[in-house]
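Okay, structure first, notes after.
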Protein chains: 2
Amino acid sequence: MTGDAIRRRSRGTLRSALLAASFELLREGGLAGFSVAELARRLDVSTAAPYRHFRDRDELLAAVAAQAAAELTAAMRDAVEAAGSDPVDRFAATAGAYVRFVSARGAGFDVIFAAELRHLRNGALAEAGRELTSLLLDLAQRARPAESLEALQLVEQVIALAHGYASLDTGGFLSSARLTDDDVAARATRAAAALVRGGQPA
Amino acid sequence: MTGDAIRRRSRGTLRSALLAASFELLREGGLAGFSVAELARRLDVSTAAPYRHFRDRDELLAAVAAQAAAELTAAMRDAVEAAGSDPVDRFAATAGAYVRFVSARGAGFDVIFAAELRHLRNGALAEAGRELTSLLLDLAQRARPAESLEALQLVEQVIALAHGYASLDTGGFLSSARLTDDDVAARATRAAAALVRGGQPA
DNA sequence: GTCTATAAATAGATAGAC
DNA sequence: GTCTATCTATTTATAGAC
């Protein structure tokens, strides 16, 4: 559906069409498969057209990353609310939300915090990243048992776990088990909860 | 050191020099930065030379992946032995070994189990992958508390965690903390132990 | 086994017309 | 704002000489 809808856009919307198509492209081939030329091809415009809206490839990617960060933060907030009142479950829900988001949109921490985009000092992206980090830190702080790890390290652990599950999913490591995206998200959530609980002082 | 040593190799060793240089290249730019042309450049041979030893890029990568899998399995065995007798600590040590290995060699599960290499049906690679999986399953089985998750899912969790830590490390997410590779490996190990312990039936 | 030369893709990016 | 045309760089891969 989206492909045609994008191609049949009316004039003046190339910029947002580029962003939308970028997510499609990322979902299909990851950062490695991302190219401005391919984007132009899919939108039936010349390869020069995107450069009227973005200085170069990195600026386009940064805009995508900023949008991804905002959407991911929102998705995590929703998952947290749906998770109930247990602070550990609420924090762990972010891992599941992350897996689901990457599977649906193709952009995760690798895009949002890409080293190749840091030189841009893109304000919107930096701010969106900070908001995401802040949400996670807050949830970690509440889930953190006394005497346990610092909240920052707890965030690091859960991010690593979530990103790992998303990578395994994307890379097809889990494909033999024929899991749905929701299955993988549930596993990531369960693992995150175990991780936080296991960190408690015996 | 290695660069010059490789460039000054005597004749008849291009094949192994290609493998060695591949690891260097992967460590610097990951799978995305891997190219046969760049490899040839570094070894001061023509871009055609590598194709006398490998049918194409994927066959070269598969040979790299098979070697990586064997080395990683050995590194994990060493780490397990050094970890003592507690089954959870022994299993968790594989996460630290993985992080250290990826940091040193640049090739991890993403290369070893790359979807793009599966069509080759490379026997050596498949066998090396099986051996790695088998080691992890065995350790998981011994670390697994009764009533806990299946060993396969435990392996999945620890692999995801380890791969996530390695990605965070490689991507520079942890760079603000100025951690050494050993620091990151220690954190991954600790997190893996917490994960396994937290999975126990309360 | 290695080289030179070359072909065919593909990507990023710009100039200038409309 | 978009197009056509073009440039430059890079990569994978092959043919044929030595």
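The basis for the numbers below is simple: all heavy atoms, side chains too, and nothing from hydrogens, waters or symmetry mates. Every chain is numbered from 1, with letters handed out A, B, ... down the list of sequences.
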B:D78: what forms a side-chain hydrogen bond (donor to acceptor under 3.5 Å, both in side chains) with it, not counting sequence neighbours? none
With sequence neighbours left out, the residues meeting salt bridge (Lys or Arg N to Asp or Glu O under 4.0 Å) with B:R144 are none
Residues passing the side-chain hydrogen bond (donor to acceptor under 3.5 Å, both in side chains) test with B:Q157, sequence neighbours excluded, are none
Any pair counted as salt bridge (Lys or Arg N to Asp or Glu O under 4.0 Å), so long as it reaches residues 119-136 of chain A, sequence neighbours left out: A:R77-A:E131, A:E127-A:R130
Which salt bridge (Lys or Arg N to Asp or Glu O under 4.0 Å) pairs, counting each pair once, include a residue from residues 172-185 of chain B, with sequence neighbours left out? B:R100-B:D182
Please enumerate all residues that pass salt bridge (Lys or Arg N to Asp or Glu O under 4.0 Å) together with A:D58, with sequence neighbours excluded. none
A:F173 vs B:F113 aromatic rings, parallel, tilted or perpendicular, using cut-offs 30° and 60°? perpendicular
Which pairs count as side chain to side chain donor-acceptor pair (under 3.5 Å) when at least one residue sits in residues 59-69 of chain A, sequence neighbours excluded? A:Q67-A:E71
Describe, as an angle rounded to 10 degrees, how the axis at the first end of the helix from C:dG1-D:dC18 to C:dC18-D:dG1 is tilted relative to the axis at the last end, five pairs per end. 0°
Among residues 117-124 of chain A, which residues get a heavy atom nearer than 4.0 Å to DNA chain D? none
Walk along nucleotides 6-18 of chain C from 5' to 3' and tag each nucleotide B, S or - by protein heavy-atom contact under 4.0 Å, base first, then sugar-phosphate. -----SSBBB---
With sequence neighbours excluded, residues passing salt bridge (Lys or Arg N to Asp or Glu O under 4.0 Å) with B:E150: none
By salt bridge (Lys or Arg N to Asp or Glu O under 4.0 Å), A:R142 pairs with (sequence neighbours left out) A:D138
